[in-house]
Trainee: 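What follows is a structure written as structure tokens; I'll ask about it next.
One-based numbering, in listed order, for ligands and for the atoms of each.
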Amino acid sequence: MLAEAEIVRRFLALKHQVHPDVVSYIREQNDPALIDRIAAGVPDGTLVISAEHIPGLRKVRDGIRFLVDPELEVITGSAGSTGSVTGHEDAVHYFRDRYNNLSSMIRGRMTTIPIEALVKSPHRYRDEECGIIGMVADARTTAKGHRLVEVEDPTGAIRVLFNKGRDDSFLEAERILPDEVIGVKGKLSGDGGLLFAEHLFRPDIPINHAPFKSDRPGKAVLISDVHVGSDTFLEEGWNRFADWLQDSDAAYLLIAGDLVDGIGIYPGQENELTIRNIYEQYDVFAGMLRDLPSRIRIIAAPGNHDAVRMAEPQPAIPAEFSGKFPANCTLVENPCLLNLQGIRVLMYHGRSFDDMIGLIPGASYERAGEIMDEMLKRRLLASPYGMRTPIAAMKSDRLVIDPLPEILLTGHVHICGVTRYRGVLGVNAGTWQSQTSFQKQMNIHPTPARAFVVDLQTLQPEVMDFS
Ligand code: D5M
Ligand code: FE
Ligand code: ZN
């Protein structure tokens, strides 16, 4: 397989710069002749060769949307859809489901061998390039700075070494997270105990993915983390937002969790609450929603401050708390997949940011967009199991990103972020709460009182500042 640097060099020799997507495509195709074929077809004046210059690779839109209700459909995560979580056995189903879903996204792009075959008869594979797909059981950096990853498929387990000195995939290997599913191509050690990695595959988004765009006008407003009841909730900013909504042409308002501040969420919270009763917090929030134009369809999910179980998927806010919510508000689970006139929106509160920011070198709360890219590459909203993000091991893995949405909406970090990764728009919608004492300690500087407006015909976001 050609090294990344070699592919870049060959394009440079032909006086072209090249996008990393194209480099990884050529490596996956394992077809060096593709370089000349691509270069031959590039129009004059092209600065950087991108996926659209690959001959024969057409943009594919996973097109037709069948809509029961053409205005609003909850595809997954409607209230009450979360099944029961029972005992230990479901963890096995859960991980099998995650593996099946994610491995099938990689399988078409590489030839693979069951791990058991490699481990049991290494002599048969010693001199060839071997491919495996497995879930990451453990990932660590060795004393010499290499990356050692234990990978499991349904047949067995093997250790994979990413050499820091030679391999192009090393930078990506540093970002390998527990419980994500990866493909690896490499060479087996003499005794079969170790696979020396040459290329890392992730489920990822196809480079020719084209998002769906609505055929009729429609705008969605995206917000998160309202935190009603907290003494740092920004009522004035919210009122300016509510006034603005009166005259806006928005058809939808999506709220990605932490609707209220809750009670007993962190030690000493009672000293930072203006409303100390959870029912009253939801009633006040309900009143705020009732004051918004009733023509707007509101969709609201819970977050880690809301009065439902922490483990994800989190159930919708129950009737006990939502009695006074207006009729134009639909309560959904966290996460949920919505369909707004053909545009799929994956809404996830974002508890897993805490885990991913801790594990990914260089990641920061200030750049939530980069973490959303990492979620999309892994096709997982939350990768590690058993860390800060509690996950309910159900029969199927609702944290797998499938099908692809047009928009990924998150919150939780309280700092706005926007990204566009292979056609998917990622928005972290920020918060309506100014800096809390906890965030001061953590050195987190929120960007409060903002709302994002997305035009569903163009998928262009616009940020509105009500602070
Ligand atoms: O989260 C508000 C902010 O605080 C968000 O930026 C994440 C951060 N946060 C929340 N919990 C933790 C923990 N346990 N460690 C580090 N950072 C955290 P909210 O969910 O609104 O409280
Ligand atoms: Fe929050
Ligand atoms: Zn939160």
Trainee: Any idea which protein heavy atom is nearest atom 1 (O) of ligand 1, and the distance to it?
Mentor: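 That would be His412 O, 3.4 Å.
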Trainee: With heavy atoms under 4.0 Å as the rule, classify the contact between Thr436 and ligand 1 as side chain, backbone, both or neither.
Mentor: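 Neither; no heavy atom under 4.0 Å.
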Trainee: For the Fe ion (ligand 2), which N, O or S atom of Asp225 is at the shortest distance?
Mentor: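 It is OD2, the N, O or S atom of Asp225 closest to the Fe ion (ligand 2).
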Trainee: Phe196 vs Phe162, test: ring pair (Phe, Tyr, Trp, His ring centres under 6.0 Å). Steps then yes/no.
Mentor: CA-CA 6 Å; Phe196 295 106; Phe162 292 86; over 10 Å; no
Trainee: Give a yes or no on whether the backbone of Glu270 and the side-chain of Arg276 come within a donor-acceptor separation of less than 3.5 Å.
Mentor: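 Between the backbone of Glu270 and the side chain of Arg276 there is a qualifying donor-acceptor contact (under 3.5 Å).
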Trainee: Please determine if Arg344 and Glu406 form a salt bridge, counting it only when a charged side-chain N lies under 4.0 Å from a carboxylate O.
Mentor: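 The answer is no: the pair does not qualify as a salt bridge.
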Trainee: Less than 4.0 Å is my threshold; does some heavy atom of Phe438 fall inside it relative to ligand 1?
Mentor: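 Flag set, Phe438 near ligand 1.
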Trainee: Can you tell me if His227 has an N, O or S atom under 2.8 Å away from the Fe ion (ligand 2)?
Mentor: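 Of the N, O and S atoms in His227, at least one lies under 2.8 Å from the Fe ion (ligand 2), which means yes.
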Trainee: Check the orientation of Tyr266 and Phe438. Use parallel for under 30°, tilted for 30 to 60°, and perpendicular for over 60°.
Mentor: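 The rings of Tyr266 and Phe438 lie parallel, inter-plane angle below 30°.
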Trainee: Which atom, counting only N, O or S, brings His412 closest to the Zn ion (ligand 3)?
Mentor: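 Nearest N/O/S atom: ND1.
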Trainee: Between Asp179 and Arg98, does any NZ, NE, NH1 or NH2 come within less than 4.0 Å of an OD or OE carboxylate oxygen?
Mentor: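 Judged by the 4.0 Å cut-off on N to carboxylate O distance, Arg98 and Asp179 do not form a salt bridge.
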Trainee: Quick one: look at Phe353 and ligand 1, take heavy-atom pairs under 4.0 Å, and tell me if it's side chain, backbone, both or neither.
Mentor: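 No part of Phe353 comes within reach of ligand 1.
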Trainee: Starting from atom 8 (C) of ligand 1, locate the nearest protein heavy atom and write down its residue, its atom name and how far away it is, to 0.1 Å.
Mentor: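 I find the closest protein heavy atom is Ile444 CD1, 3.8 Å.
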Trainee: When you check the gap from the basic side-chain N to the acidic O, do Asp283 and Lys324 get nearer than 4.0 Å?
Mentor: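 Salt bridge flag = yes for Lys324 with Asp283.
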Trainee: For residues Leu195 and Val184, determine if any side-chain heavy atom of one lies less than 4.5 Å from a side-chain heavy atom of the other.
Mentor: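 Leu195 reaches Val184 side chain to side chain.
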Trainee: For the atoms OD1 of Asn304 and OD2 of Asp258, give the angle they form at the Zn ion (ligand 3), rounded to 10 degrees.
Mentor: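 That angle is 100°.
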Trainee: Can Glu150 and Arg140 be counted as an ion pair, charged N to O under 4.0 angstrom?
Mentor: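 No.
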Trainee: Might you work through the salt bridge (charged side-chain N to carboxylate O under 4.0 Å, His left out) test for Arg378 and Asp204, ending with a clear yes or no?
Mentor: CA-CA 6 Å; Arg378 292 169 181 75; Asp204 222 316; over 6 Å; no
Trainee: Just to confirm my output: which protein heavy-atom neighbour is closest to atom 14 (N) of ligand 1, and how far is it?
Mentor: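 For atom 14 (N) of ligand 1, the nearest protein heavy atom comes out as Arg388 CD, 3.9 Å.
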Trainee: Return the closest protein heavy atom for atom 17 (N) of ligand 1 as residue, atom name and distance.
Mentor: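 Of the protein heavy atoms, Tyr365 OH, 3.3 Å lies nearest.
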Trainee: Near His227, which atoms of ligand 1 are under 4.0 Å from a heavy atom of that residue?
Mentor: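 Counting from 1, the qualifying ligand atoms are 21 (O).
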Trainee: Quick one: look up the protein heavy atom nearest atom 11 (N) of ligand 1 and list residue, atom name and how far away it is.
Mentor: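 Going by distance alone, atom 11 (N) of ligand 1 is nearest to Asp354 OD2, 3.9 Å.
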Trainee: Tell me, please, if His412 has any N/O/S atom, main chain or side chain, under 2.8 Å from the Fe ion (ligand 2)?
Mentor: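 Given the 2.8 Å cut-off, His412 does not count as a ligand of the Fe ion (ligand 2).
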Trainee: Within ligand 1, which atoms have a heavy atom of Asp258 less than 4.0 Å away?
Mentor: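 Close to Asp258: 19 (P), 20 (O), 21 (O).
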Trainee: If the cut-off is 4.0 Å to any non-hydrogen atom of Gln439, which atoms of ligand 1 fall inside it?
Mentor: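 So the atoms of ligand 1 that pass are 2 (C), 3 (C).
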Trainee: Does His305 bring an N, O or S atom to under 2.8 Å of the Zn ion (ligand 3)?
Mentor: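 Not a single backbone or side-chain N, O or S atom of His305 is under 2.8 Å from the Zn ion (ligand 3).
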Trainee: Could you check which N/O/S atom of His349 is closest to the Zn ion (ligand 3)?
Mentor: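 In His349, the N, O or S atom with the shortest distance to the Zn ion (ligand 3) is NE2.
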Trainee: Determine the sole option in His445, Gln435, His227 for which the side-chain hydrogen bond (donor to acceptor under 3.5 Å, both in side chains) test with His414 is passed.
Mentor: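 Of His445, Gln435, His227, side-chain hydrogen bond (donor to acceptor under 3.5 Å, both in side chains) with His414 is met by His227 alone.
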Trainee: Could you check atom 16 (C) of ligand 1 against the protein and tell me its nearest heavy-atom contact, residue, atom and distance included?
Mentor: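 Result: Met442 CE, 3.2 Å.
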Trainee: I'd like to know whether Arg297 forms a salt bridge (charged side-chain N to carboxylate O under 4.0 Å, His left out) with Glu71, so could you lay out the CA-CA distance, the side-chain angles of the two residues, the decisive distance to 0.1 Å, and finally the verdict.
Mentor: CA-CA 9 Å; Arg297 305 200 61 167; Glu71 296 306 319; 5.9 Å; no
Trainee: Trp432 vs Trp238 aromatic rings, parallel, tilted or perpendicular, using cut-offs 30° and 60°?
Mentor: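 Perpendicular: the ring planes of Trp432 and Trp238 meet at over 60°.
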Trainee: In the protein, which heavy atom is nearest to atom 22 (O) of ligand 1, and how far is it?
Mentor: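 Residue, atom and distance for the closest contact: His305 NE2, 2.6 Å.
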Trainee: Taking the basic N atoms (NZ, or NE/NH1/NH2) and the acidic carboxylate oxygens, is any pair closer than 4.0 Å for Glu374 and Arg175?
Mentor: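 Yes.
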Trainee: Out of the candidates Thr389, Asn304, Asn334, only one should pair with His349 under the side-chain hydrogen bond (donor to acceptor under 3.5 Å, both in side chains) rule; please name it.
Mentor: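 So, applying the side-chain hydrogen bond (donor to acceptor under 3.5 Å, both in side chains) to His349 and each of Thr389, Asn304, Asn334, only Asn304 qualifies.
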Trainee: So which protein heavy atom does atom 6 (O) of ligand 1 come closest to, and at what separation?
Mentor: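 Among all protein heavy atoms, the one nearest atom 6 (O) of ligand 1 is Val413 O, 2.9 Å.
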Trainee: Looking only at N/O atoms, are His414 and ligand 1 under 3.5 Å apart anywhere?
Mentor: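 Looking only at distances, the answer is yes, because the N/O contact criterion of under 3.5 Å is met.
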Trainee: Which atom name does Asp258 have for its N/O/S atom nearest to the Fe ion (ligand 2)?
Mentor: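 Of the nitrogen, oxygen and sulfur atoms in Asp258, the Fe ion (ligand 2) lies nearest to OD2.
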Trainee: Determine whether any heavy atom of Gln433 lies closer than 4.0 Å to an atom of ligand 1.
Mentor: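 Under 4.0 Å: no for Gln433.
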